[in-house]
Amino acid sequence: MDYQFKDIEQKWQQFWADNGTFKADNSSAKPKYYVLDMFPYPSGAGLHVGHPLGYIASDIFARYKRLKGFNVLHPMGYDSFGLPAEQYAIQTGQHPLVTTEANIATYRRQLDQIGFSFDWSREVRTSSPDYYKWTQWIFMQLFNSWYNKDADKAESIAKLVEHFEKNGSAGINAVCDEEVLSFSADEWNAMDNRAQQNELLKYRLTYLRESTVNWCPALGTVLANDEVKDGFSERGGYPVEQKKMMQWSMRITAYAERLLQGLDTIDWPEPLKEMQRNWIGKSTGASVKFPIEKTAQNLQSATHFIEVFTTRVDTIFGVTFLVIAPEHELVAELTTPEQKAEIQAYIDQTKKKSELDRMADAKTVSGAFTGSYVRNPLNDELVPIYIADYVLAGYGTGAVMAVPSGDQRDFLFAKHFNLNIVPILDTQDITTEADPTKEGKYINSDFINGLTYKEATAAVVAKLEELGAGRAKINFRMRDAIFGRQRYWGEPVPVYFKDGLPHLITEQELPLLLPEVDKYLPTESGEPPLGRATNWKHPEGEYELSTMPGWAGSSWYWYRYMDAHNDAAFASKEAIEYWKDVDLYIGGSEHATGHLLYSRFWNKFMKDIGLVVEEEPFKKLINQGMIQGRSNFVYRLVDDEGRGTNTFISHGLIGQYKTSPLHVDVNIVENEVLNTEKFKKWRDDFANAEFILENGKYICGVEVEKMSKSKFNVVNPDDLCQRYGADTLRMYEMFLGPLEQSKPWNTNGIEGVFKFLRKFWRLFHNDAWEFKVSDNEPSKAELKSLHKIIRKVEEDIERFSFNTSVSSFMIAINELTDLKCNNRAILQDLVVVLSSYAPHICEELWVMLGNEAGSLSYAPYPKFNPTYLVEDEFAYPISINGKTKMNLNISLSLDVSAIEALVRANADVQRYLDGKEPKKVIVVKGRIVNIVV
RNA sequence: GCCCAGGUGGUGGAACUGGUAGACACGCAGGACUUAAAAUCCUGUUCCCGUCAAAGGAGUGCGGGUUCGAUUCCCGCCCUGGGUACCA
């Protein structure tokens, strides 16, 4: 019987489901291997061909590892809290849960038909109460922890309280808010509970703090940076403003150094690590206190200095002014009466500017003089203080020391305001622009004159420390993560407020269920949607009304798969100690600074408090490339009045006509040739379409764009499974190119893969399509083909080069077809090797070869035997002077000198040598490859 | 601007540590089988010059360099994609 992929695939998918073939065990004598995919958000559009790319790769790997004798955990689930379901709910009143479950059903059906070897018994959904119960529980652990810098790990807040009671704040080296108090044990004990709790909030790893957020009044919610485009909300296009709000935050900055260091211990793509490094943004430098000049301004404040952060403390003698951010807290105090109007005007102007304007204006110099001065702590010179929006309030101390000779922005600023520019290195050339060099010897720099960069930096830091005017300091760009969203479809924060103080609910009260609401919009008084819930009140106070952000549920989900049904813990200790961490994680690089960073943070925290065993959650990470859309166009003839006609011009001829391009459904185009009959049926108004053809065909135009419905370039895996089957789809997605490379989807080549599978099927059958294999001894040539592919596939899978494997399969099948190979032993091994790529057809053939159903998935991967690959004689390429090439037939048994003699005796070589001795004979790996004459 | 990845036939791509560039597949052209179609099989297919063939020349974005030998290593430039954005 011909290759009936539909029957075969249905049959085996059913078999796997009925028999729990891929159920992983939490204990085994086999070594463990954990293969994880980034779980999808179940959107209403369903899967397109780009989604399964990574899943197919990870499935091949998981299946391969099973054959290699590993106990493989390969689970799947859904990141099912999210904005689209909520937006849909706002528009239709449909509960997000209903939409989400419908979408999940679609996803599941689509995933099933591709034949993945997921252990579905471990499925998780982040929106399910028995899952988010533990997300809330982890939030509570964070709330109950602080970061001890001395121990370099998170510790229990109870331990901190104990220390305060005994010793006050002395001896505590913590990551905390800037404005923490210092107090004695007596002072602590004398504080009322409210004061104590407020103080502790400054230490907790999740805490409430007033932060600046993107507030969209029209939508009534906070938006993440990527939801704001050009100062307007991405959805609806409403204006967005900066607003200060009390928000839950995560003290991820406590882990900045460990998140950075940890990158060196994991096998991730270098570009992705680099993205995380940049995001963390460590810079090593010094903080310097510039004393405020009292005579210039009568300060009310207790602050007597402005602190700056610099990475070039060696340039301190080149400082000719100081710049602080317009939002800096000392601006009002520092402004002299004469300058007040100018400063106020500048601040107003800055406030009006959107983020975008500020960026666009990067090149124009602006600022204003406060009228006040500081003194340079090292040479006592008076330094004027300016405000300018190129200094950011949120980074460092919101103040910089300006060295116009070494920094281009400072240079432009100095030119604009006519300020001094002092060169500080003898090699500096500052005639037209600043020169940030570190080469040369210092000049105009007091006690560091004549020193080099390294010496000078050390000397200046030492001096500043001696004077108490500064110290070496490390700064990070990364900010604490805001954790609250004014939305409905997310995890409720397990907190209630009493007397203005946040309290955790008890563990017995978990999960704190998401309440029902009448509408999914903010309340009339501007509170989040949860404010609409009736009968939703904690006995002691009011529940927190914001919910957790999308990344909360995805920051620990790989642990839940280890023990998905545990209701006593997020996962049992035994399960965690067995599976430990994810060995291979496959997903997109767009999560580099979101999910992948937050997950590493939560994992480190969970390790600190003894919940998990590994410091890093994902040992090896592979980024699959994005699949772009490949749009096809038809060209509609435009008449003299500029109206479109019903005549369409083939792409090669459009130069001769006036046309307008029109997206056409890629599914009615094959190899850029339009199926004109299908086109006429595609849309009613094209029923009478006429075509101007070239060579009897209508050729379409092509462009690479994002895959989207409106561009008619979406290719649905369902259609391909119907036409060619899952095995063909799986292999074709791999064949398309390197896994990590982004590429446009193109269905054109899929026939080749389909043909390959048919050829493979045919190997097992005679001309009448009867199953027919022989039990003869395999021939040498057959063994050679087989062992070539055994080795090749193993090498390819280990280095994630799946595309070249597919090619090798095709070569092997062509060879074996030429050899008319129907040998049972050969075919059996071939089935095992191919089974991770094309599991359905392999299962079918495996059973036809006389094996037990279901045993293929755990059959041992065949052992490669190198002796079959040895060739007796082969064509030996020789070049002379790296140019002329010729082939000699040489036996492998000859040694190098014998080959050399043979080469010299060759007539062509003789002709080139012309009686002379060769100057040099190049031998690579025991082979002569080149002769230099 | 800065950081990263990439640029190979008509197309997707291969060439793993510097050693026969273009594997494999699509497409295209020609042929076989067939009443015909589908399916299948065979041959050719980087370009130029050669009316077949042989022989020759050029060739991995561009310009240089190292080397007996470079798609691969080094320097400079151009282009495409991704990240980031006044980070002191």
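Labels below follow one simple rule: chain letters A, B, ... track the order of the sequence lines, proteins then strands, and each chain is numbered from 1.
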Within the sub-3.5 Å range, which N or O atoms of nucleotides 3-10 of chain B have a protein N or O partner, and how far apart are they?
none

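- Atoms CE (A:Met734) and C1' (B:rC24) sit 16 Å apart, rounded to a whole Å.
- Contact between the side-chain N/O atoms of A:Gln408 and the OP1/OP2 oxygens of B:rG1 is not found at any separation under 4.0 Å.
- Rounded to whole Å, the distance from NE2 on A:His591 to P on B:rG82 is 17 Å.
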Could you write out RNA chain B as a dot-bracket string, with dots for unpaired bases, | for bases paired across to another strand, and Watson-Crick or G-U pairs counted at under 3.5 Å? (((((((..(((......[....)))((((((.......))))))(((.......)))..(((((..]....))))))))))))....

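- Residue A:Pro269 is out of contact with every strand shown, counting any heavy-atom pair closer than 4.0 Å.
- Going from atom CG of A:Leu739 over to atom P of B:rA14 covers 12 Å, rounded to whole Å.
- A:Phe290 is linked by a ring-ring contact (aromatic ring centres under 6.0 Å, His included) to nothing, counting only residues two or more places apart in sequence or in another chain.
- Comparing B:rC74 with B:rU80, their P atoms are spaced 24 Å from each other, to the whole Å.
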Mind listing the N/O atom pairs, protein and nucleotides 37-40 of chain B, below 3.5 Å?
unit_1, atom_1, unit_2, atom_2, d
B:rA39, O3', A:Arg758, NH2, 3.1
B:rU40, OP1, A:Arg758, NH2, 2.5

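- Classification of the A:His787-A:Phe864 ring pair by plane angle, with boundaries at 30° and 60°, yields tilted.
- Within 4.0 Å of A:Gln741, counting heavy atoms only, lie sugar-phosphate atoms of the nucleic acid but no base atom.
- Nucleic acid contact for A:Asp410: none, since no nucleic acid atom lies under 4.0 Å from a heavy atom of the residue.
- Residue A:Glu740 contributes atom CD, which lies 15 Å from atom C1' of B:rC16 at whole-angstrom precision.
- Residue contacts for A:Ser742: at a heavy-atom cut-off of 4.0 Å it reaches no nucleic acid atom on any strand shown.
- Taking side-chain N and O atoms only, A:Arg630 has no distance below 4.0 Å to OP1 or OP2 of B:rU11.
- Residues passing the side chain to side chain donor-acceptor pair (under 3.5 Å) test with A:Glu705 are A:Ser631, A:His663, sequence neighbours excluded.
- Nucleotide B:rG9 carries a syn base; the chi torsion (O4'-C1'-N9-C4 or O4'-C1'-N1-C2) is within 90° of 0.
- For A:Tyr390 and B:rA88, the shortest distance from a side-chain N or O to OP1 or OP2 is not below 4.0 Å.
- Backbone-only engagement by A:Asn748 is indicated by non-hydrogen atom pairs under 4.0 Å involving sugar-phosphate atoms exclusively.
- If you look at A:Phe760 and A:Tyr3, their ring centroids are not closer than 6.0 Å.
- One finds no side-chain N or O of A:Thr804 lying less than 4.0 angstrom from the OP1 or OP2 phosphate oxygen of B:rC24.
- Comparing B:rU20 with B:rU11, their C1' atoms are spaced 25 Å from each other, to the whole Å.
- Across all strands, A:Asn803 comes closer than 4.0 Å only to sugar-phosphate atoms, never to a base (heavy-atom distances).
- Between the CH2 atom of A:Trp745 and the P atom of B:rU11 there is a distance of 20 Å, rounded to whole Å.
- Using C1' as the reference atom, B:rA5 and B:rG61 are 16 Å apart when rounded to the nearest Å.
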Which atom pairs, one a donor and one an acceptor, fall under 3.5 Å between side chains of residues 727-735 of chain A and the rest of the protein, sequence neighbours left out?
unit_1, atom_1, unit_2, atom_2, d
A:Asp727, OD1, A:His840, N, 3.3
A:Asp727, OD1, A:His840, ND1, 2.8
A:Asp727, OD2, A:His840, N, 3.4
A:Asp727, OD2, A:Ile841, N, 2.8
A:Thr728, OG1, A:Tyr724, O, 3.1
A:Arg730, NE, A:Tyr837, O, 2.9
A:Arg730, NH1, A:Asp59, OD2, 3.0
A:Arg730, NH1, A:Ile114, O, 3.3
A:Arg730, NH1, A:Gly115, O, 3.0
A:Arg730, NH2, A:Asp59, OD2, 2.8
A:Arg730, NH2, A:Ser836, O, 2.9
A:Tyr732, OH, A:Asn746, O, 2.5
A:Tyr732, OH, A:Gly749, N, 3.2

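- If you look at A:Phe413 and A:Phe321, their ring centroids are closer than 6.0 Å.
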